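Atoms considered below: every heavy atom in the structure, side chains included; atoms not considered: hydrogens, waters and symmetry mates. Residue indices begin at 1 and follow the sequence shown. Computed from a predicted model, the values in this text were never measured in an experiment.
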Amino acid sequence: MTDTPLNLPEKTARLVLRCETDCVSAFSPLLQSGVYLHSRNIGQSVRVFLTGQLQLNDKYIGDRISTIFLDGMPVDDLDAALLKNGSRLALSSAMPGLVGATMRQRGSLASLRSAITYRADESCEQGEGLICMKLFNLVMREIGKKILRAGVYVRPKAFQELLTGQHMLFQDCVAIFLNGSAAAPEELLSGKLFEESTLLELTVIMP
């Protein structure tokens, strides 16, 4: 998922999964490779997006999200880093080793990667758009449930690949709705129900 669409296409299927247990770990391949979020924070800072759309407080951001990448570059200043339509935003808690220490926000070794640290462009159009969000380790487990409940957009092919390796997922599903109508697990596994859709709007309701 490196090429983020810039607009929601007309052919977008809507899938709702209602699960009786916390199954966020089953969606980890999608959350790590990237899901798309519709945002009204395009042109605004990463901090505005995190506190506004994701409703994370500054304490959580400071204590738990130690590594942030925007469009492949590590971010130190959340207020200066601006989201563009199509941006890729990756969040992670502390990563081990020298690489983790180097990529950590404002860490003691941050100067070692100064050449690749994110620097804001002077101009950035504001409005609505799509961003690709990637979540890792503890942050994925803690934030993943929140964004899956709110709804994300994924490529149908990526969702089909998830189902191929996660048959156990359906054991926790008590209801499946596609475009407002009830669907059976075997219908989703076939992929035919949304093969003509460009994107799939996925909402996962879980405890």
Quiz prompt | Main-chain N/O of L200 paired to S197 side chain as donor or acceptor, under 3.5 Å | solution = no

Quiz item: So how far is it from E125 CD to L82 CG, rounded to the nearest 0.5 Å?
Solution: 13.0 Å

Self-check item: Any donor-acceptor N/O pair, Q53 side chain to H38 backbone, under 3.5 Å
Solution: yes

Practice problem: Might you confirm whether atom CZ of R40 has over 12 heavy atoms from other residues, nucleotides or ligands at distances under 6.0 Å? | Solution: no

Quiz item: Do D172 and T21 have a side chain donor and acceptor closer than 3.5 Å?
Solution: yes

Quiz item: Are side-chain heavy atoms of I65 and S93 found at a separation under 4.5 Å?
Solution: no

Quiz item: Less than 4.5 Å apart, any side-chain heavy atom of T67 and any of V139?
Solution: no

Quiz item: Has the side chain of N41 got a donor or acceptor atom that lies under 3.5 Å from a matching backbone atom of Q44?
Solution: no

Quiz item: Would you say T198 and R155 make side-chain contact, with heavy atoms under 4.5 Å?
Solution: yes

Quiz prompt | Verify same cluster id: M206, L17 (apolar side-chain graph, 4.5 Å) | solution = yes

Practice problem: Search all heavy atoms of S39 against all heavy atoms of F49 and return the closest pair with its distance. | Solution: OG-CD1, 3.7 Å

Self-check item: E187 side chain vs A184 backbone, donor-acceptor pair below 3.5 Å
Solution: yes

Exercise. Could you tell me the separation between the CG atom of L193 and the CG atom of N179, rounded to the nearest 0.5 Å?
Key: 8.5 Å

Quiz item: If only atom types and distance count, is the side chain of D71 paired as donor or acceptor with the main-chain N or O of R88 below 3.5 Å?
Solution: yes

Quiz item: Under the criterion side chain to side chain contact (heavy atoms under 4.5 Å, CB included), which of V204, L135, V24 is the partner of I147?
Solution: L135

Self-check item: Between CG on residue L162 and OG on residue S28, distance to nearest 0.5 Å
Solution: 8.0 Å

Quiz item: How long is the gap from CD1 on I205 to CZ on F177, to the nearest 0.5 Å?
Solution: 8.5 Å

Quiz item: Any side-chain heavy-atom pair from L78 and S45 closer than 4.5 angstrom?
Solution: no

Exercise. Report yes or no: do L70 and V48 belong to one cluster of Ile/Leu/Val/Met/Phe/Trp/Tyr joined by side chain heavy-atom distances under 4.5 Å?
Key: no

Quiz item: Any side-chain heavy atom of Y36 within less than 4.5 Å of one from T4?
Solution: yes

Self-check item: Residue E196 excluded, over 12 heavy atoms near CD under 6.0 Å
Solution: no

Practice problem: Find out whether R141 and F136 are in side-chain contact, i.e. whether some heavy atom of one side chain is under 4.5 Å from a heavy atom of the other. | Solution: no

Quiz item: Are side-chain heavy atoms of F194 and L188 found at a separation under 4.5 Å?
Solution: yes

Quiz prompt | F27 vs L202, side-chain contact (heavy atoms from CB on, under 4.5 Å): CA-CA, chis, key distance, verdict | solution = CA-CA 11 Å; F27 294 91; L202 173 66; 4.1 Å; yes

Practice problem: Start with the C-alpha distance between F69 and L89, add both sets of side-chain angles, then the distance that settles side-chain contact (heavy atoms from CB on, under 4.5 Å), and finish with yes or no. | Solution: CA-CA 6 Å; F69 280 79; L89 181 65; over 6 Å; no

Quiz prompt | Least distance between heavy atoms, L56 atom then K146 atom | solution = CD2-CE, 4.1 Å

Quiz item: Does K145 use its side chain to pair, donor to acceptor, with the backbone of P207 at less than 3.5 Å?
Solution: yes

Quiz item: Given the rule in the side-chain contact (heavy atoms from CB on, under 4.5 Å) test, do T203 and L15 qualify, once you have shown the distances and angles that lead to the verdict?
Solution: CA-CA 6 Å; T203 302; L15 177 65; over 6 Å; no

Quiz prompt | Nearest atoms (heavy-atom pairs only) where L189 meets Q160 | solution = O-NE2, 2.5 Å

Quiz item: Are L31 and V16 linked, directly or through other ILVMFWY residues, by side chains that come within less than 4.5 angstrom of each other?
Solution: no

Quiz item: Between CG of L130 and CG of L6, what distance do you get to the nearest 0.5 Å?
Solution: 7.5 Å

Quiz item: Any side-chain donor-acceptor pair under 3.5 Å between T12 and E201?
Solution: no

Quiz item: Could you give the distance from OG1 (T51) to OH (Y60), rounded to the nearest 0.5 Å?
Solution: 14.0 Å

Quiz item: Where is the tightest heavy-atom contact between A13 and L178, given as atom of each residue plus distance?
Solution: CB-CD1, 4.3 Å

Exercise. Considering only NZ, NE, NH1 and NH2 on the basic side and carboxylate oxygens on the acidic side, decide whether D58 and R47 come within less than 4.0 Å.
Key: yes

Quiz item: Under 4.5 Å between any side-chain heavy atoms of Q32 and M140, yes or no?
Solution: yes

